Every structure is written in structure tokens, then in C-alpha cells.
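Just so it is clear, the structure is predicted and the values come from calculations on it, not from any experiment.
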Amino acid sequence: MLGVLLLGGIVAFAIAYHKREALLANTLAKMQAQLADDYQIELAIGKAYFSGLTTVTLEQVSLTPQDRDRLAGIAEASVSVRLFPLITGDVKFGQLRVHNAHIQLIKKDSVSNYDFLFRERDTLQQGTPTKEGETTSVNMAEAANRMLNSVLYKIPRNMELREFLLTYSDDSIQQRISVPKADIENGSLTSAVYLNDNKAAWQVSGRLNPSERQLYIKVHANGQKIALPLLEQKFGLKLSFDTVETRLREVYWTNNEFLHIKGEWAVKNLNINHWRIAQEDVTVPDAHIDAEVIVGSNHVELSKESTITVKKLAVHPYVRYTTAPEETYAFALETPEMEAQDLFDAFPKGLFESLEGIRVSGNIQYKLEAFMDTNNPDSVQFSSDMQQKEFKVNSWGIADIPKLNGTFVYTPYEDEKPVRDIIVGPENPNFIALNQISPYLRNAILTTEDPSFFTHNGFVEEAIRTSIATNYKEKAFKRGGSTISMQLVKNVFLSRNKTLVRKLEEILIVWLMESSGAVSKERMYEVYLNIIEWGHNVYGVTEAARYYFGKHPSQLTLGESIYLASIVPRPKTGLYAFDYEGRLKPYIGRYFSYIGNIMARRGLAPSDSTGSYGFYAVSLREALRPDKPAITDTLQLEAPPTDFDTELEEVRGLLDRIFRNDPDEEKEP
């Protein structure tokens, strides 16, 4: 039997050997046709021949997209290939030798010679209709396996690369990366990479074992920083690091159904600077990611076994995207129990400026879970839990939360510029104690902004769930889940620079403020009402009551209070609601009825059978009233400006969701 197999192998080899030239020509023709059909690229080859038993030599090779500049050119390349895979059309490299190669990426105006990379090929994709209304589906695990193999098969066991050049140019930028020499010997990679004519030199080394699906690559610069100037010139992103390492550790199947890909990534002294991320350089001295990606027929996930490590902080992330039978997203984050200080020590320097210098004690453990079915976004699930053991703040950082208990200076900003300094305390005649403010206003603000303020821990999960669902349906950020605690922290402790991490910083400070008990809820609310904006250069309840109605805050009626609560989300639109006689326009009457009914049901206002709740008694101060129009347009009295109308609908929708689980709540038709 063994002899028969051996003889069959010899015969197959002899056939393949004698037909190798024809097989090579056929394979190259297929490649040329596929590139032309799928990407509209011309592959030109001056000469192609076998220069050894299994070695193919190509001379004067070029790749040129249709109606574009040439993308790549190679003077000479020799490749050893395996004959039997060649029979089936697969090209697996054994040895590779390339001399004088140049890849040029060129963009002129909006046209580039590499835009084919971002075009969809004219092939069946998942969900693409076929005949008679049928659809095709792609097995994601098999597709990922093919993609991985297509990369690994092209990595040679031995390589000799000489005089390789990669250039990029557009209307304003030119970059050059040159590799005079790169070698792979029995899987060991060594190379030097030079940026922009030797302005920087990178060392690349590693171990490549594609047959076992294992790779390790390390990039460093002999103790110098590795920078990527193209990112800075193109996107304003300054990025540099000392060392980056990446490893493909293991690839395997379970139950012939799930493809597991395990790997690692590590970086030392990573520096990032971009105005959208933070105002200062963000420095990560040492970070490591140990990840497992699992791909099934209709899902891809980052396994819960994955770990992100920064100093002593270890975080286990989980992400899962499923395409069928329903398109769903799942996300989770969990930490083991750890010393609380380890969390703050792990924050990259420059990321959370207001938390720098904080010292805490005790232990914490955090867990977050979220899930959304895109067919039913309103059913989104969200939970967040921080477990604490003997947690205590020993000394505060830049965000000195206890300062809220005494007199301090608050500086509001408009268009990221300071407006004026406001003393928050008895030294300011406009400051007013919480118990001196009309209870109607206190309760109206709580009703519209944060009904559970005095009982929650700084966050309301239902509001966050509503925010996620709304923003997904709108495909834009339309609604946040901010509580009064979060609004207070944002105003007092955070800069007005709109960075990506500002919301996370806000959440952390709110957690510290609420969990430490450093400031009472009553004091938080008192400060909040004394600093929030109520119009152009109108800050705090005393200024608002005097500006709109010429009153002291203790004198505000129910109607005036509901009106002031209505303009908190967009204070600069406040005057739009009034006509030339100082009366509220009819359209806002429904809002009064809606909020008034909620307050009455909760015992926060007297019941009103007319449903007006002081609407008709609200009268704007005469000096603020608009001029009387020459001809009264009754339609103007019925419809507010677009922005204000949008704001009212947003508030109304938010309230409807917040109170929808209240069995005593009367819903407006």
C-alpha cells in the first residue's frame, strides 16, 4: 500500500513538473484577470519563468490601476512555490527574493491610485440578493480563516529584500520609507527601516512561523522614540513610542465551528497628542493586551478571557457582534477586586488632568454590561456596578470636590472662552440658600432634569438606556443621560475643551463625589441652582428670577417655575416662548399641562383641573418683550422657532421615558 502511494506521488510530481510552465502561465493569467475584474488593475510582467526546480522569477513587474498613476514596480523577484498547491491555484511561498521594488501611493485632489482598496468588489456579499429573491450568507469563521491563510501563505520561510521604497504624496505631504535590507532566515526576521531619508531609523525583528500560524514582531529605534509624522501632518495626531511588540500566538478550531485567534500586543512609553483626545500629551508607560478573538458562522467576539493591563490595573473586556438571526451588539467590562489606588495610578499621565494627585484607600471591583438588539433598540439593556470595600479618599487631586462646601469662584464659559468670575457663597449678594428658593422651582427642576436626584448615586441607568436607544435610532448623539450630579461636575470641575475622554472623566469625578460623601445632596443642588445658565450672561436662580420676572427666587410662582425649568436644556432660547405682550405663546401650554400633572401626581404642586398650572399668569418683564408686529401673525403665536420646538420634543420624550414605569403617572395623549 505504501509503495502504491509513493508511486502515485512520483507520478503526480512528474506530471506537475512537466506541466509547470503551463501551470505558471495559467496561474498568472488568472491573477491578471482577477485583478482586472475585481479592482480594475493592470498587472504587467516583462518575463516570467522557472529559474529552478520550484523557483519562479519575475522581471519588470508593475501594478497600475485604471486611469491612475502606477502603484508598484519591481525590477526582479524570485519566488519558490509549492507545486501541488499551484495545481489548485494557491500560491504558497517557500523563498522570496525581491530587488529594487517601489510602491508609490499618490493622491491628487480627491483621486488616488489606491482607492480601489476601499471599493466593494463585484462579488456576492452577505445578504446580497440572488435569483428568485434568495440571499446568500457568508460563514464568518470560514471567511476569517481564508483571510488569515491568504496572509500567512504569503510569508516566506526565507526572504531577501533589497532596496525597497514606499512613498506617499498628496497635495501637501510627502513621505518616504526605505528598507535597504530585510532578511528572513529560517523564520527569523531582521530589518532596518528608514523614514524620510534617514531622519529616523527603526529596527524590526521577529520570529515568523506561518505554517504553525505563529508570528512575533518587535519594532524599536535603539532607545530613541519612534514617531509617525504622516499622522501629525495629515490628522494633527502626534504619536510616538519606544517599542511595540505583537504576537500571533495560536489559531485553532473548536467543534469545527468556532475559529479561535489568540494574540498579544504591547507598547512602551506611548505618547499621544491630539486636541480631540486631551489638551496635554497622554503618556502610557507600559500597556499590554492579551486577546482572544472567537469567530463563528454569524458572530465575532472578543472573548471575556482577554485582558488589558496597564501597570497594576487589569481589565477584562468583552465585545460580541452577531449578524443572525438578529443583528445584536453586546459589550461588557469587568475588573477583579483590586486596591483602589491601582486604578488611579494606571491612568495615563495627561488623560484625566483633574484627577492627577488623588490618593485613595480601600478596594474596588467594577462590572459593566450592555446589550442591544438593533431590531428593537428600546429594549437595550445596561447595568453598571462598582463594589467598594472601605473606600476612602485620603487627599484630593486638582478636582478638589470638598471645595463645594465653602465659598469658591466659578467661571462659566461660552464658545470655550470665560464669561466672568462668579463667587459662589454668601459673599455674593446673588447667592441664595436652597431653603430660600421657591419650592415650586426646586421641584420643577427636579421633575424635568433629575427626578431621583436625592436617591440615586450619581447615575440613572434608565436614563442611560434611553440615551443609548435614542442615539442609535437617530444615528447621532441626540440625547445624553446626564444627572444633576453630572451637570454640576461638568460645570465646576471640567475644562470646556470637548475631548473624547471628558465624559469618562466626568463619570469618575461624579463617582468620587457621590461615593465619598464629601458633599451632601442638598449642597450639590444648592450650588447647581446658583450657577447654571438661564440665558445670555444669566447665571444662577437669583439672576434668572430678576431677569425674566423682576422677582426674588422665593417669590416665583408655579407657572414661572415651570417656565424656568423648561429653558434649562437650552437657556438661550428662553425668550422665544413669549409674545410682544409678555405672555407665553399657546404652543407651550401643553408642556405646562404635562409637567404640572406630573408634579401634582407626586404631591409637588396643587392639582389644577384646568391643566394650565399657572400658564396664563406668567408675564415676562416689560423690558424684555419683543416689539409689537405691524400685522399680528397668528401662526407665529402657535409655532415656536425650530430649535425650541426640537428642544421641547426632546424634553417631553425624555420625561415620557423616565416616568413610563410610574403606575400613577397620567400619560398625555
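Counting all heavy atoms, side chain and backbone alike, Pro65 lies closest to Asp69 at CD-O, 3.5 Å. Across all non-hydrogen atoms, the minimal contact from Leu96 to Pro156 is CB-CG, 3.8 Å. Considering every non-hydrogen atom in both Ala143 and Val138, the closest pair reads CB-CG1, 3.9 Å.
The environment of Gln174 atom CD is sparse: at most 12 non-hydrogen atoms of other residues, nucleotides or ligands sit within 6.0 angstrom. Heavy-atom contacts from other residues, nucleotides or ligands closer than 6.0 Å to CD of Gln224 number 12 or fewer. Around CG of Asn256, the count of heavy atoms belonging to other residues, nucleotides or ligands within 6.0 Å does not exceed 12. Environment of CD in Glu353: sparse, with no more than 12 heavy atoms of neighbouring residues, nucleotides or ligands closer than 6.0 Å.
Residues Tyr321 and Glu327 bring a donor and an acceptor atom of their side chains to less than 3.5 Å of each other. No donor-acceptor contact under 3.5 angstrom links the side chains of Asn186 and Ser188, judged on distance only. There is a side-chain donor-acceptor pair under 3.5 Å between Thr283 and Asn271. Using a 3.5 Å distance cut-off with no hydrogens or angles, the side chains of Arg213 and Asn149 do pair a donor with an acceptor. Checking His316 against Thr335 by side-chain atom types alone, no donor-acceptor pair falls below 3.5 Å. With 3.5 Å as the limit, one finds no donor-acceptor pair spanning the side chains of His260 and Glu250. Between the side chains of Asn363 and Glu337, at least one donor-acceptor pair of N or O atoms lies under 3.5 Å. At a cut-off of 3.5 Å, with distance as the only test, no side-chain donor of Tyr318 or Ser306 sits close to an acceptor on the other residue. Side-chain atoms of Glu160 and His99 form a donor-acceptor pair, as typed in the model, at a separation below 3.5 Å.
In this structure, the side chain of Asn113 engages the main chain of Ile106 through a donor-acceptor pair within 3.5 Å. Checking side-chain atoms of His288 against main-chain N and O of Lys311 turns up no donor-acceptor pair under 3.5 Å. Without hydrogens or angle criteria, Gln341 side chain to Val360 main chain gives a donor-acceptor distance under 3.5 Å. At least one donor-acceptor pair under 3.5 Å links the side chain of Asp171 to the backbone N or O of Asp109. At distances below 3.5 Å, at least one donor-acceptor pair connects side-chain atoms of Asn139 with backbone N or O atoms of Ala141. Of the possible polar contacts, none joining the Glu245 side chain to the Tyr216 backbone as a donor-acceptor pair under 3.5 Å is found. Between the side chain of Gln40 and the main chain of Asp37, a donor-acceptor pair closer than 3.5 Å is present. Of the possible polar contacts, one joining the Gln32 side chain to the Leu43 backbone as a donor-acceptor pair under 3.5 Å is found.
The closest side-chain heavy-atom distance from Ile509 to Leu494 is below 4.5 Å. Here the side chains of Asn100 and Ile74 are not in contact, with every heavy-atom distance at 4.5 Å or above. Looking only at side-chain heavy atoms (C-beta outward), Ile468 and Phe382 come within less than 4.5 Å of each other. Considering only heavy atoms from C-beta on, His299 comes within 4.5 Å of Arg320 through its side chain. Side-chain contact between Tyr194 and Pro180: present, with at least one pair of heavy atoms (C-beta onward) separated by less than 4.5 Å. The closest side-chain heavy-atom distance from His102 to Thr167 is below 4.5 Å. Residues Ile277 and Ile272 have side chains in contact (heavy-atom distance under 4.5 Å, counting atoms from C-beta outward). In this structure, Ser354 and Glu505 have side chains that are in contact, with non-hydrogen atoms separated by less than 4.5 Å.
Aromatic ring pairs are classed by plane angle as parallel below 30°, tilted from 30° to 60° and perpendicular above 60°; the pair Phe116 and Tyr39 is perpendicular.
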Could you give me the CA-CA distance, side-chain angles and deciding distance for Ser303 and Glu292, then say whether side chain to side chain donor-acceptor pair (under 3.5 Å) is met? CA-CA 5 Å; Ser303 164; Glu292 178 186 28; 3.1 Å; yes
Apply side chain to side chain donor-acceptor pair (under 3.5 Å) to the pair Gln175 and Asn196, showing each step before the final yes or no. CA-CA 6 Å; Gln175 297 287 312; Asn196 293 335; 3.0 Å; yes
Show the numbers, then the answer: is there a ring-ring contact (aromatic ring centres under 6.0 Å, His included) between Phe391 and Trp511? CA-CA 12 Å; Phe391 177 76; Trp511 164 59; 5.1 Å; yes
Could you go through Leu165 and Ile177, starting from their C-alpha distance and side-chain angles, then the distance that decides it, and tell me whether this counts as side-chain contact (heavy atoms from CB on, under 4.5 Å)? CA-CA 6 Å; Leu165 178 64; Ile177 295 177; over 6 Å; no
Under the side chain to side chain donor-acceptor pair (under 3.5 Å) rule, what do Gln104 and Tyr168 come out as? Steps first, then yes or no, please. CA-CA 6 Å; Gln104 56 179 6; Tyr168 171 86; over 6 Å; no
Start with the C-alpha gap between Thr57 and Ser78, add the side-chain angles, then the distance that decides, and say whether side chain to side chain donor-acceptor pair (under 3.5 Å) holds. CA-CA 4 Å; Thr57 296; Ser78 296; 3.2 Å; yes
Dump the intermediate steps for side-chain contact (heavy atoms from CB on, under 4.5 Å) on Ile41 and Gln66, then the final yes or no. CA-CA 6 Å; Ile41 290 180; Gln66 184 179 1; over 6 Å; no
Would you sort out whether Leu351 and Val284 count as a side-chain contact (heavy atoms from CB on, under 4.5 Å), showing the intermediate values? CA-CA 10 Å; Leu351 190 64; Val284 182; over 6 Å; no
For Phe347 and Val282, what are the C-alpha separation, side-chain angles and deciding distance, and is it a side-chain contact (heavy atoms from CB on, under 4.5 Å)? CA-CA 9 Å; Phe347 292 153; Val282 176; over 6 Å; no
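A salt bridge is defined here as a Lys NZ or Arg NE, NH1 or NH2 lying under 4.0 Å from an Asp or Glu carboxylate O, and Lys107 with Asp115 fails to meet this definition. In summary, Asp345 and Lys312 do not engage in a salt bridge, as defined by a charged side-chain N under 4.0 Å from a carboxylate O. A salt bridge is defined here as a Lys NZ or Arg NE, NH1 or NH2 lying under 4.0 Å from an Asp or Glu carboxylate O, and Glu163 with Lys181 fails to meet this definition. One finds no salt bridge joining Lys349 and Asp281 here, because no Lys/Arg side-chain nitrogen approaches an Asp/Glu carboxylate oxygen to under 4.0 Å. Look at Arg162 and Asp183 and you find a salt bridge, because one of the NZ, NE, NH1 or NH2 atoms lies within 4.0 Å of a carboxylate O, short of that distance. Using a 4.0 Å cut-off between a side-chain N of Lys or Arg and a carboxylate O of Asp or Glu, Glu369 and Lys367 qualify as a salt bridge.
Paired with Pro210 under the rule side-chain contact (heavy atoms from CB on, under 4.5 Å), one option of Leu248, Leu152, Leu148 passes, and it is Leu152.
Atom CG in Leu215 sits 4.5 Å away from atom CD1 in Ile155 (nearest 0.5 Å). The CE atom of Met386 sits 6.5 Å away from atom CG of Leu343, with the distance rounded to the nearest 0.5 Å. The distance from atom OG of Ser361 to atom CD of Glu339, rounded to the nearest 0.5 Å, is 9.5 Å. For the atom pair Gln203 CD and Thr243 OG1, the distance stands at 11.5 Å (nearest 0.5 Å). Taking CD1 of Ile507 as the start and CD1 of Ile464 as the end, the distance is 7.0 Å to the nearest 0.5 Å. Going from atom OG of Ser205 over to atom CG of Leu189 covers 7.0 Å, rounded to the nearest 0.5 Å.
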